[in-house]
There are 2 protein chains.
Amino acid sequence: MAYIKLKDIAKKANVSINTVSRALNNKSDIGDDTKIRIRRIADEMGYILNASASRLRSKENRMIGVIITHIDNAFYARILQGINDAISEKEYTMLALSSGENLEKEKSLLKTLVSNRVAGTIIVPSQDMINSLDYDNIGVPHITIVRKGNKNTRSYFISDSFQSGIKAAEYFIQQGCSHSAYIGFNLPVSCNRDRVNGFIKGLRDAEVILKENRIIHCDATPQAAYNAATEFLKNDKQIDSLFVYNDSMALGVIRAAHDLKIRIPEDIRILGHDDVAESRYYIPSLSTIRVPKYRLGYDSASELMALINDNKAPEKYVSYLPELIIRES
Amino acid sequence: MAYIKLKDIAKKANVSINTVSRALNNKSDIGDDTKIRIRRIADEMGYILNASASRLRSKENRMIGVIITHIDNAFYARILQGINDAISEKEYTMLALSSGENLEKEKSLLKTLVSNRVAGTIIVPSQDMINSLDYDNIGVPHITIVRKGNKNTRSYFISDSFQSGIKAAEYFIQQGCSHSAYIGFNLPVSCNRDRVNGFIKGLRDAEVILKENRIIHCDATPQAAYNAATEFLKNDKQIDSLFVYNDSMALGVIRAAHDLKIRIPEDIRILGHDDVAESRYYIPSLSTIRVPKYRLGYDSASELMALINDNKAPEKYVSYLPELIIRES
DNA sequence: GGACCAGGATCTGACGTCTTA
DNA sequence: GTAAGACGTCAGATCCTGGTC
C-alpha cells in the first residue's frame, strides 16, 4: 500500500506541492481559504506526514531519546512518566530504550538515538563509576539523571544519595538502634556508593561503626535481596536495623525477616529507598526515603527542552534532597 | 555541529559515495580490501548513519511501534520486555508509547507511529469495548494484545480472561467459600468483562450466585482498590473470598483487610491476577492467576516479525491459558 | 501611467542515502 | 567499481496579481 503524499494532494487541489506543505504546516503567506481547503482535502485523503522525509529536509526532530537501565522498574517508570509529561506539552515524543545496565548495550543504544538524530537525550548512565562513554561527543544535547556519571556532562539531575545515607543513619540512631547493616546494589553505580558512604558517615557522627561485613551487595531484585537478607540475618542475630538500596529489594527483605520470624519493627527496623507507589501498602508498610521521581523526570526534561531551544543554556546541576518517610517498618 | 556523511567518507577514501554505502551495508560486489578500508575510515571519522535519509530512500524501517496503556505498570513492563527481546534478535528497535487508556490519545499516537512509517505495531487497545479505531486501515501490519479489540484485527495474543474467571471460581468453591465478590477495573475493557463473566459462570456451575452488589469496579490502582475494598468489607461482613482484577489492586485489598483486622486467609481469601514479580513477596504472599506476560510479548512480537517479512502470513489468534498459583492469601 | 508594494502562490533545488543502470 | 537520479518534504528565491500613490 502506498501512502498519500503532498504531490497527490497538490494534484487534487490544483496547487503546487509547496503550497500544500505551507498549508499543512500552518505557515504565513497563504490565504485562509486555500489553507482550509487544502487541509480538508488532505484529511479526506487520509494524508499522514512522512516524518523521515520531513526530518531529512527540515533538520527538525521533535523526538528525544531516553536511556534507562530497566523498564520493568517502578522507579524508572515513574521518572519516564515525568519526562513524558514535560515533553508532551511541547509536542515532543520520547524514544525510551533500556540498557539492562550493560555498557556495550548502552553504547549501541546511544548510536541508535543519534542515528535517528533525536533532538536531545536523557540518560541514566549504566555502571557510572566505570562508564567511560563520552556523552559530550555525541553531538546532541544531553542530560544525565539519577547518577552523576564519570565524564563531565552538560547537566545532571540526581537525588542526593549521600544525604539519603545520612538520613537513614540519623533515623536509626534516633530510634535507638546500635547494630545497623546495609544491603546494596552489586554494580558500580554512584548512587549506591554515595548511599553507603552517607550511611557510614551518619553512623560515625553518632559514634557507631558500620562494620565491613555488615555491608552486603546483591542484584537489585526482591528475589536476590530475599536470599541475601535470609543468609545474613540467620548469621548475624544482633542486627536491629537494615537500610536497603531500594523499595523493591526492601520488599524481599521484609519477607525474609517475616519468614525467619523476626518481628518488624520490634526486632529489626527496615528502611527502603525511593518510595515507590506500592510501598505504603506493604505489610508492614515500608518506611523509606522518598525521591521526587516524577519531578526529577519532569524537571530534567524541561531543562533538556531549554537546551534544545537555546544551545547556550547554562549547565545545570540539580541535586534533590530526599525525604525520610516513616511508616510501620 | 555537522554530522559526517557518506560524501565526506567518499572524499577521504577516494571512492564514490555509492561505494561507501555498499561497503557500510555489507553489500556484495565490493572488494574485501576496500570494504575494510572504508569501514575503518568511517569509524575513525565517527560516522553515524542518518536513519531518516536511509529510511526515506530504502523504505525500510527496522522499528516497530508499541502502544500500551500505562508504562508504570509491572504487567505491561514485563510484556514490553518480551517484545523487546524478540525484536532485538532481529535488530529491530521498539518505539513504545502509552495511551493512558485514552482513545483520542491512542489515535494520535497511532498517527505518530504511522508518520514514522514503523514496520509494524503492537497495540493494547484502550477501552476496547467502545474502541472503534480501525487498525486495519493504518497500512501497517499490526497485532492486538491483551485485549481482543472491537474491530477485526489481523492477529491477537491474549490471555483467556474467561478462563481466569472460571479458575478463580473453582478455586474458591474448592476452598469451601460461599460468599464471593469481585473487584474489577472501571473501564470498558474486554479482559475485565470476560473475567467477571467467567467468574459468574464458574460460581453458577457450583450453584452459587454472584450478586450484583458484590461486583465492584474502581480505578486500577492499589489506592483505589484499598478504598473500594475498605468500604465494601465494612458493609458486607459475610464475604469470604475476593477475586481482584490485578495484583497491584490486590495489594491494596490485602492492606484494606489487614487494617480492618480481617484475617487472610482464615476470614477471607484473596486472589489476584497476573502474577507480577513482587506478589510472591507480599505478606501474605498473594495467590493469583498467572498470565505468561513475557511469553505473550515475545510471541506476539515474533508473529509481527513474520507478518512484516511475509505480508501474506496467516491471521493468528492466540489465547493463553492462565494458571492458578496458590500461595498464602 | 509608471513605480512600488504586499500578499499569495510557484519553482527550483537540496537534505543524505540507496537503487538502478 | 561509477554515475545519475529518486525517495518526500520543505526552505529560499522568484514570480505573479491587483491595488496605491
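On a predicted model such as this, the values are computed, not experimentally measured, just so you know. Lettering follows sequence order; numbering is per chain, from 1.
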field: From CA spacing to verdict: salt bridge (Lys or Arg N to Asp or Glu O under 4.0 Å), A/Asp128, A/Lys148
entry: CA-CA 7 Å; A/Asp128 65 327; A/Lys148 294 173 192 165; over 6 Å; no
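In this structure, A/Ile4 places its CD1 atom 13 Å from C1' of D/dG8, rounding to the nearest Å. Distance, A/Asn61 CG to D/dT9 C1': 14 Å, rounded to whole Å. In this structure, CZ of A/Arg22 is placed 12 Å from P of D/dA13, rounded to the nearest angstrom. For A/Lys5 and D/dT9, the NZ to C1' distance is 11 Å, given to the nearest whole Å. Per the geometry, CG belonging to A/Asn25 stands 17 Å off P belonging to D/dG8, to the nearest Å. Look at CG on B/Asn50: it is 16 Å from P on D/dT9, rounded to the nearest Å.
Contacts of B/Leu56 with the nucleic acid, taken as non-hydrogen atoms under 4.0 Å apart, include base atoms. B/Asn18 comes within 4.0 angstrom of a nucleotide base, judged by non-hydrogen atoms across all strands. Residue contacts for B/Lys27: at a heavy-atom cut-off of 4.0 Å it reaches the sugar-phosphate backbone alone, with no base atom in range. Counting any heavy atom pair closer than 4.0 Å across all strands shown, A/Leu6 reaches sugar-phosphate atoms only and no base atom. Using a 4.0 Å heavy-atom criterion, one finds that B/Thr34 contacts the sugar-phosphate atoms exclusively. Among the atoms of the strands shown, base atoms are found under 4.0 Å from some heavy atom of A/Thr19.
A sub-4.0 Å separation between OP1 or OP2 of D/dT9 and a side-chain N or O of A/Lys7 is absent.
With hydrogens and angles ignored, the 3.5 Å screen pairs a side-chain donor or acceptor of A/Asn131 with a backbone N or O of A/Leu133. B/Tyr135 contributes no side-chain N or O that, together with a main-chain N or O of B/Pro125, makes up a donor-acceptor pair within less than 3.5 Å. In this structure a side-chain-to-backbone donor-acceptor pair under 3.5 Å is present from B/Asn116 to B/Thr112. For A/Asn61 (side chain) and A/Arg55 (main-chain N/O), no donor-acceptor pair under 3.5 Å exists by modelled atom type.
Within 6.0 Å of CZ on B/Arg62 lie more than 12 heavy atoms contributed by other residues, nucleotides or ligands. For B/Lys35, the NZ atom sits in a packed shell: over 12 heavy atoms of surrounding residues, nucleotides or ligands are nearer than 6.0 Å.
Interface limits on DNA chain C: the 5'-most and 3'-most nucleotides within less than 4.0 Å of chain A heavy atoms are C/dG8 to C/dG16.
Remark: B/Asn192 pairs with B/Tyr182, B/Phe185, B/Val189, B/Val196, B/His217, B/Tyr245 by the side-chain contact (heavy atoms from CB on, under 4.5 Å) rule, at least two apart or across chains.
Defined by atom type and a distance below 3.5 Å, a donor-acceptor pair is missing between the side-chain atoms of A/Ser126 and A/Glu101.
Position along DNA chain D of the nearest nucleotide to A/Glu60 versus B/Ile30 favours B/Ile30 as the more 5'-ward residue. With the nearest nucleotide of DNA chain D identified for both A/Arg55 and B/Ser16, B/Ser16 has the one nearer the 5' end.
Cation-pi check for B/Arg295 over B/Tyr320 is not met; the charged atom does not lie both under 6.0 angstrom from the ring centroid and within 45 degrees of its normal.
Rounded to 10°, the angle separating the first-five-pair axis and the last-five-pair axis of the helix from C/dG2-D/dC21 to C/dA21-D/dT2 equals 60°.
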